[in-house]
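Have a look at the structure below before the remarks.
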Amino acid sequence: MAPSAAQRIVIENCAIATVDANDTEYASGHLVIADNRIESIGAGKAPEGLENVVRRIDATGHLVTPGLINTHHHFYQWITRGLATDHNLFNWLVALYPTWARIDEQMGYAAAQGSLAMMARGGVTTAMDHHYVYPKNSGDLSGAIIKAASEMGVRFTLARGSMDRSEKDGGLPPDFAVETLEGALAATEETVKKHHDASFDAMTQVAVAPCSPFSVSTELLRQGAELARRLGVRLHTHGSETVEEEQFCKELFGMGPTDYFESTGWLGEDVWMAHCVHMNDSDIEAFARTKTGVAHCPSSNARLAAGIARVPDMLKAGVPVGLGVDGTASNESGELHTELRNALLINRLNPVHREAALNARQALRLGTYGGAQVLGRAAQIGSLEAGKLADLVLWKLDTLAHASIADPVTALVFGAAAPVTASFVNGKQIVENNRLLTVDEDAIARSTRDEAQRLARIAAQG
């Protein structure tokens, strides 16, 4: 319990979906925030006699859920949206790498602001960024991204990415877009030591994240895994995203992606991978056995025609699965709350599971507790329980868009994107009535437009 001196916020008269182990829900309940923790939650009114109540919120007409947790993204792509819109993954990468390889710190900061703002005002309280493009003389890109997240007030994981397999080595990135093996490992270790916070209520954490099998050497994968475990941080990469990737791995390494990852130390409960679309039964069993997590990115998978991930089979096997926006050059909206609906609908297109693939509560769990699992933070966030961190969202469901849907979770997932009346991170409100309180959205819109135009001019000059 929080000390009596704690400042308290009381939220009452709302439907609550806790997403705890029992999927406890309250048709009309209360939640008490004490400083940065959830102090109590339950049916009916809040307890009488609470001290130091600084605010009371009558949340009639709202559903309260845990804050959404994004598990895969590439913030820098905010300033290259709308390009290569009719390409598959490999052709899309080849088309855009020459542009991405010219980003600098100022562009990275603006793009991070845009990506974070779009997610945060749509209910995301924990974000992550897999940043792997570090051109020479581009400034402190990692620091710029972390600064943007800190200013926004969201909880954040930077997956410090890297690439060392360029075109001359059979990879996809241009030669000037990659780091050396030694340089990538050294810079990653420096980023972890400078920015990673291992505490319970950490606002910034860092993961080790070589980009993908077709842009990273085997040695960078192997030594990256060793580095992460020596430093006590998590590991992240792309895996099994496309048929072409599977063919690439078999031609280059003589095995499929999952077997290749296992051979380099990249399966384990401290690992999560993005996409995992083309997984056979053996792959899923390996992920379940090792508790390797998955970031499911339904809209990006559809945008790049990658396929439909076997999410129902993964969940049944016990694989931890969260949701991801993916980079906004393959998901131009950049919103995670729409991925709840897209995950449910796209998985129902799978001819094996059809309408039984996912339901509304499973989709909400993917976007909350599932995300906390794959980021290694399920003890602190992802569900509304006493003692956990106060990361939560009030969704307004009494307007024209949702009022005639009786079940609030169904309304949130199946219905139109719901307005966010309030979003709290670490007990502090960062969104009110769909507007960010911590930053100037209009200024961010201008700066992202300006930086997108500047990058386009630089790329055109070669």
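Side chains are part of it too, since the values below use all heavy atoms of this structure and drop only hydrogens, waters and symmetry mates.
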Indicate yes or no for a side-chain donor-acceptor contact from [X] to the backbone of [Y] under 3.5 Å, with no hydrogens or angles considered.
| X | Y | value |
| --- | --- | --- |
| Asn70 | Val124 | no |
| Asn331 | Gly327 | no |
| Glu332 | Gly82 | yes |
| Arg160 | Thr191 | no |
| His130 | His72 | no |
| Glu105 | Leu141 | no |
| Arg121 | Glu441 | no |

Query raised in the report: Quick one: salt bridge (charged side-chain N to carboxylate O under 4.0 Å, His left out) partners of Asp407, sequence neighbours excluded?
Result: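 By the salt bridge (charged side-chain N to carboxylate O under 4.0 Å, His left out) rule, Asp407 matches Arg361.
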Query raised in the report: Listed by chain and number, what are the salt bridge (charged side-chain N to carboxylate O under 4.0 Å, His left out) partners of Asp326, not counting sequence neighbours?
Result: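 In terms of salt bridge (charged side-chain N to carboxylate O under 4.0 Å, His left out), with neighbours along the sequence ignored, Asp326 is linked to no residue.
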Report task. Looking only at non-hydrogen atoms, find the nearest pair between Arg377 and Asp201 and report the distance. Result ->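 It is NH2-C, 4.0 Å.
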Query raised in the report: Which heavy atom in Ala317 sits nearest to a heavy atom in Ile284, and how many Å separate them?
Result: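 Taking Ala317 first and Ile284 second, the nearest heavy atoms are CB-CG2, 3.8 Å.
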One thing to verify: whether [Y] and [X] come together as a salt bridge, which I'm taking to mean a side-chain N less than 4.0 angstrom from a carboxylate O.
| X | Y | answer |
| --- | --- | --- |
| Asp104 | Arg454 | yes |
| Asp398 | Lys396 | yes |
| Arg8 | Glu51 | no |

Parallel, tilted or perpendicular, judged at 30° and 60°: which one describes the rings of [X] and [Y]?
| X | Y | answer |
| --- | --- | --- |
| Tyr76 | Tyr132 | perpendicular |
| His275 | His238 | parallel |
| Phe75 | His73 | perpendicular |

Requested in this report: Kindly determine whether Tyr134 and His131 satisfy ring-ring contact (aromatic ring centres under 6.0 Å, His included), including the steps that lead there.
Outcome: CA-CA 8 Å; Tyr134 288 89; His131 187 84; 4.8 Å; yes
Query raised in the report: Side chains of Asp313 and His353: is there a donor and an acceptor less than 3.5 Å apart?
Result: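 His353 and Asp313 do have a side-chain donor-acceptor pair below 3.5 Å.
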**Report entry** salt bridge (Lys or Arg N to Asp or Glu O under 4.0 Å) evaluation trace for Glu190 with Lys194
**Finding:** CA-CA 6 Å; Glu190 179 185 1; Lys194 183 176 182 180; 5.8 Å; no
Query raised in the report: What is the distance from atom CZ of Arg303 to atom CG of Leu89, rounded to the nearest 0.5 Å?
Result: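 Atom-to-atom, Arg303:CZ and Leu89:CG are 11.0 Å apart.
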Query - Name of the residue among Leu394, Ile430, Val393 meeting side-chain contact (heavy atoms from CB on, under 4.5 Å) with Val420 - result: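 Only match with Val420 under side-chain contact (heavy atoms from CB on, under 4.5 Å): Val393.
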Requested in this report: Could you walk me through whether Trp100 and Trp92 pass ring-ring contact (aromatic ring centres under 6.0 Å, His included), step by step?
Outcome: CA-CA 12 Å; Trp100 294 338; Trp92 175 82; 5.2 Å; yes
